[in-house]
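Everything on this sheet refers to the single structure shown next.
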Amino acid sequence: MSFVSIRLPSAGSEVIDRARPVTFSWNGKKLKAFTGDTIASAILANGDHIFGRSMKYHRPRGVLTADFWDPNLFVQVDDEPNVRAAHRLVENGMKVTSQNVWPSLKYDVKAANGLVGRFLTAGFYYKTFMKPAKLWPAYERILARFAPGGEVDLDTPHGYYDKRYAHPDVVVAGAGPAGLAAAIAAARAGASVMLVEHEHQVGGHLLWGSDDDRAAAAGMLTDARNLGVEILTNSTVTGRYEDNWLGILQRNHHIAEERLIKARAKMLIVAGGLIERPYVFAGNDIPGVMTSGAVRRLITMYGIKPGTRAVVLTANESGDAAVADLERAGVEIAEVVDGRTGAFVRSAEGSGRGTNHRLSAVTLSDGTKIDADLLVTAVGWTAPTSLLNMSGDRPVYDPAAARFFPGKTPDNVLATGGMVGDGTHDQLVAHGAATGTLAAGRAAVVQHRLQAATARAAAVDGPEPDYPEDLRTPLGRDPHPALFRSTTHGMVDYSEDVSSKDLFGAAAEGFDSVELIKRFTTATMGPSQGKLETVNTVAVLAEARGETIAEVGTTVWRPPYAPITLGALGGRVFEPVRVSSIQSYHESKGATPILAGQWIRPEHYDDPQAEVTNTRTNVGITDVTPLGKLDLKGPDVPKLLSLLYTNKWMQLPIGGVRYGIMCAEDGVVLDDGVTARLGDEHYLMTTTSSGAGGVWNWIENWLQTEHPDWQVHVTPVTTGFTSINVAGPNSRKLMGRVVAGVDLSNEAFPYMNVRTGTVAGVDDCVMWRIGFTGELSYEIQVPAGYGLHVWEALLADGKDLGIAPFGLEAQRVMRLEKGHFIVGQDTDGLSKAPTTGMTGLLKLDKDDWTGMPEVKWALEGDYPHIVAIQPTDPNCVPEEACQILRGPESNEIVGRITSSRYSPTLNRSICLGQLSPEFAEAGTELTVLLVNGERVTAKVMKHHAHFDPEGERLRG
Amino acid sequence: MLLVPCPNCGPRSSQDLTYGGESHSRPDPKTATPEEWRTYLYLRDNPSGWLVETWYCSSGCRRWFKLERHTLTGELRDPILPGSKTGVASDEATNIQGGTK
Amino acid sequence: MADAPVFQSPITNPTPAKGSLTLTDESELTKVSVRGAHIAVSFGTCEQRGDVLVVGSRPDEWTLLGPADAVAAVVSGLDLSGFASTTDITHSRLMIRLTGDDAARAMEKACGIDLSDAMTPNGAAVGASVAKVTCDVVRDDVVSDGREAVRSYRFLADRSFGQYFWDALRDCTAEF
């Protein structure tokens, strides 16, 4: 028989607003519905009852539970795939299409899968499509077409996803009667409360109950609002982590697509209610088979008549109430099968093709066959204990009540409502209220402790209150028949198309523990994540193994409780950006930026090779602000420097500068830099740019944990000084024009010295004579607020001296011309100090320095050497990280190129590399393997410096 | 996300701190054998049970301290600042959200 | 170049906050880090001494914030006996003030610290990560003309984050 859902007359219980119609399209058809309809109720009202096709077998599917967890109702809405049609509200202009069908819902060709079902049993992808391996690419292409789910549009505009932190005293997950009562009681007791409800309205099962039920829900909502409870509807507590760290997802927030709240709650109350379990029998996924909750919701909230002639299998009050609701809605009741008497449904059959497929008859346990287009089952409940399980609890099965109950939760997590027991409305509310009061009392104790323990908090009032014991009267447990599977085989996991037959088969193959069978068959791994199918899976497995449900146990639940979009998880991104005070100049000159960690730096202004030439000919300036700078004060600074660096520091004179290498405790080079003595007990240390933060942490660790008796104060001043490097033959001349208070002659201010003075009218500048570039150079450290001023002064005063700025790239070329290694570029995570070649700095006669033992042992053996390398062909610039081979015919790697550039000063390519000691002698000919596969020759040079190895320019 | 009891700031989310790993003592660099030194570098007890570990309050007070944590139950004991005795203040678990204190 | 040097804030583009909240660039204020002195302001709190705010930033470490002369006066009056040091960090740090009734709610979008009155009362000081930048945060409510104090937070962070940090805070105010 063909079938059409119809809209029932208006009722006070409905959530739709018939005064505000909406229009939308469904698979191309324009349809009408009302504000407040879900997409599912809207489509049903218009007469369609098939929503999509199942994952594997492409069986036509209709409404099963008519709520968030319905596994059959995933649709595409505009560019958004996998939308739950019984939860998403319909909106004007929505374009809704079915998923996983081709060419259409009606004539889905992939339904042919049903005919080859024998080959597509659970785990088929471990067995079929395996051989021959060379056909895997073809198999992949075919299988990809059959992958379920909607379409992703790569051009979809980015949405805005928000994030927020919160610190509520109590979070209540679930706003049914017990959850509402708990929130109200906790708020009354003075706690700050957040109430999180999955659905669009609070009330839980009260919404499809009686008028009194609805009035009670409305009353509690008003109370909660008046007490200042923060109520979040259409929101889910997605996960509970250590110490009640919670993820709460707010869908459709007013400023964002979704908002993720990261909350630290003192107490969590879980009041998720009960989820109705489907019954397992042949034909249980035929459209027209629904749970009692589904029909009650459709009738009461959406005014939908779900069928014309019904069979009802009822084993509890919900089923009984469904009979009454169906009668009120004008549905003919063909038969009420009372599950409490031992009767049950054996199988169901359908008729009709494509989108007309529908239930047509039901066969009962006694063999009677009844015509019907609607079969309603009420065979029992599952407690969604996931959040409790995430807090460490394993649920316990109660055979008399035929469901799992919470076991033991930690002190800061409480459960209430249907999850923990049964009762009248008043009993549920009373238990909820007692839970809320208890939570508020415990939260108050935690608050007291937090305040007492937190330095910045307000002082506490009196002594710590006693931690309240849990003295709640437990709810009772109604007996319930154990109705899991009929005498036939049916769907257990609707979204993964796993049947009870598949589970029996898997168990027989040896996948006999619940964890194994889950992973092998994928049962419970679909979008409902076990809410509808875990217990049936366990029950079927118990049957197959001849065990009890309690013996089989359950799988472990992990976050998220409900699927969460990647946008919510990662969409609100804070990406700090650091710039120096000269950034506006770099930008105005159109410098090409380079990202170095969090810093944006100028890579080059124009041609970096020209920048090199100009600096070596005239004078250049570069912004090196990101280089780490640490201010060290105290009488024990020399001891600290001696500990951190491999060389000696006890005798550095005031005004002196020394270079040092730092090792980690495994002897590996950690950082390097120059340190200056500015005063008696005042030093300034520099580090590499990327090492700045790490070295500060490293130093604090040594001072605090190993040498707390040393008197040293460390303050990072990396960005407090704008650092400008003035380099080139004309640099002294230029400095003379801007510096006051310092004798700049070579005798008065030699290489590796530091002075303080005034630069371009700015006091308290620190000037260093050091030279990464190998030119006569000065590094000026200017208090950052005046950095740009000094930079501009240098450019103006140096015009006739041929001044031009140079960027990071030019600096790298120049340092490479001088053979200066860069930690982390020419050294790596395994390079111990001897590899740098600076063996003269490794003072093994010192008492202690970090990494000394390993360096000592390394020196006794072999270690890679950093050497300067020049390719035979001066125009060949090998890519960095090219391998160096034992010989032209060999494939054995003996080293690699670590730095490589073309030098405009020498008009040829220059490199640094690491080599095993066998090859590190000056003059050795090397074979370099280029990225394109070509092998070229190169030579090891005598010095690291390719240019001015005696350092005459530096020391002039 | 663990609430770590910084002895100066008070309890803070673990993302405000940097984990220093299992607490271990440094051998004398002048006399240690390679085996002793490498044990210090790489080998840890990794107990199933009470573990003494180090934390650095990097977002807050910038101080290092030790904490005893039970690797199975998540119980914590009072934190210890460097310079204090290496023993623990009390045997009781002191998780701030727990029942006993 | 005869131009006298003018202090440049790291916040090159101080676009005003949206809605009811205000952002103020205070980066020009003198800031001095003091270690080891004997200052009777406990860790986690701050105290206004005339024009200078004395912040108990870390155990045994204080930050003095205010106009140059006033801060110099406070420094000269400090008991620096024993091992103590001062370091001028005026140029090392940006300083921004966020004021408004919704200041805590705006901060909640970028900072995981409990900002309730019990945990972060007026006068509280704490190191925290705000918009992924490690900051010193001080709650320093603004009192004006005998009206009720308005909630206000002052942030000290590394100078180089200047414009990014201003923009991030401003983004958090957009909702209000």
Side-chain angles (χ1 to χ4, degrees), chain A residues 165 241-247 262 264-268 392 410-413 442-443 445-457 464 467-470 643 664-667 693 696-697 700-709 714 844 846-854 856-857, chain B residues 1-15 18 20 23-38 40-42 54-58 60-66 69 72-76 78-84 93-101:
Chain A
Y165 290 91
Y241 307 87
E242 292 135 323
D243 292 325
N244 277 350
W245 183 249
L246 305 172
K262 299 185 185 180
R264 174 76 71 188
K266 299 184 183 73
M267 293 293 301
L268 170 65
D411 293 327
N412 52 1
V413 179
R442 289 185 170 180
V445 176
V446 176
Q447 173 67 33
H448 183 102
R449 291 172 185 166
L450 280 173
Q451 267 181 260
T454 300
R456 71 178 195 276
E464 181 179 314
Y467 194 82
E469 270 183 72
D470 183 356
L643 173 69
E665 287 275 68
D666 56 0
W696 182 30
N697 285 344
E700 283 294 338
N701 193 349
W702 284 101
L703 286 174
Q704 288 180 32
T705 63
E706 291 289 328
H707 298 283
D709 50 310
V714 184
L844 298 175
K846 283 195 334 184
D847 270 340
D848 184 16
W849 39 275
T850 59
M852 176 171 78
E854 287 290 353
K856 182 170 103 193
W857 298 322
Chain B
M1 198 211 322
L2 203 60
L3 260 182
V4 179
C6 172
N8 297 308
C9 300
R12 301 189 68 136
S13 290
S14 56
Q15 70 184 11
T18 305
S23 174
H24 51 277
S25 52
R26 183 176 191 246
D28 184 342
K30 278 279 177 202
T31 59
T33 63
E35 197 178 337
E36 284 166 352
W37 193 257
R38 282 145 196 183
Y40 154 67
L41 287 178
Y42 305 117
T54 59
W55 286 88
Y56 179 54
C57 189
S58 39
C61 65
R62 302 203 68 98
R63 294 294 180 268
W64 281 92
F65 60 94
K66 288 187 191 170
R69 181 173 60 88
L72 283 187
T73 63
E75 291 168 286
L76 301 174
D78 281 338
I80 311 151
L81 281 169
S84 338
T94 54
N95 301 58
I96 199 132
Q97 290 186 359
T100 51
K101 183 75 166 104

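We name chains A, B, ... by the order of the sequence lines, and we start the count at 1 in each one.
- No more than 12 heavy atoms of other residues, nucleotides or ligands sit less than 6.0 Å from atom CG of A:Asp847.
- Annotation: the span from A:Leu246 atom CG to B:Met1 atom CE amounts to 11.0 Å, rounded to 0.5 Å.
- A:Ala453 approaches B:Pro11 most closely through the heavy-atom pair CB-CD, 3.9 Å.
- Annotation for B:Gln97 and A:Arg264: closest pair NE2-CD, 4.2 Å, computed over non-hydrogen atoms.
- Residue B:Leu2 touches chain A through both its backbone and its side chain, counting heavy-atom pairs closer than 4.5 Å.
- Contacts between B:Arg62 and chain A at a heavy-atom distance below 4.5 Å involve backbone atoms as well as side-chain atoms.
- Atom NE2 of A:His448 and atom CD1 of B:Ile96 lie 10.0 Å apart (nearest 0.5 Å).
- Counting all heavy atoms, side chain and backbone alike, A:Trp245 lies closest to B:Ser13 at CZ3-OG, 3.9 Å.
- The shortest non-hydrogen separation linking B:Asn95 to A:Arg449 is O-NH1, 4.0 Å.
- Taking CZ of B:Arg12 as the reference point, atom CG of A:Leu450 lies at 12.5 Å (rounded to 0.5 Å).
- If you measure heavy-atom distances from A:Glu706 to chain B, the contacts under 4.5 Å come from the side chain alone.
- A pairwise comparison of heavy atoms in A:Ala455 and B:Asn8 identifies CB-O, 3.4 Å as the closest pair.
- Using a 4.5 Å cut-off between heavy atoms, B:Thr31 does not touch chain A at all.
- From B:Trp64, atom CH2 reaches atom CG of A:Asn697 across 7.5 Å, with rounding to the nearest 0.5 Å.
- Each of A:Asp848, A:Asp709, A:Val446 has some count of heavy-atom pairs under 4.5 Å with chain B, and the biggest count is that of A:Asp848.
- Looking at A:Asn244, the atoms closer than 4.5 Å to chain B (heavy atoms on both sides) sit in the backbone and in the side chain alike.
- Around CD of B:Glu36, the count of heavy atoms belonging to other residues, nucleotides or ligands within 6.0 Å exceeds 12.
- Side chains of A:Gln704 and B:Tyr56: a donor-acceptor N/O pair is absent below 3.5 angstrom, by distance only.
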Any chance you could lay out the side chain to side chain contact (heavy atoms under 4.5 Å, CB included) test for B:Arg26 and A:Glu665, step after step, and finish with the verdict?
CA-CA 10 Å; B:Arg26 183 176 191 246; A:Glu665 287 275 68; 2.6 Å; yes
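- At a 4.5 Å heavy-atom cutoff, the contact between B:Tyr40 and chain A is made by side-chain atoms alone.
- Here the shortest heavy-atom pairing between B:Ala32 and A:Trp857 reads O-CZ2, 3.5 Å.
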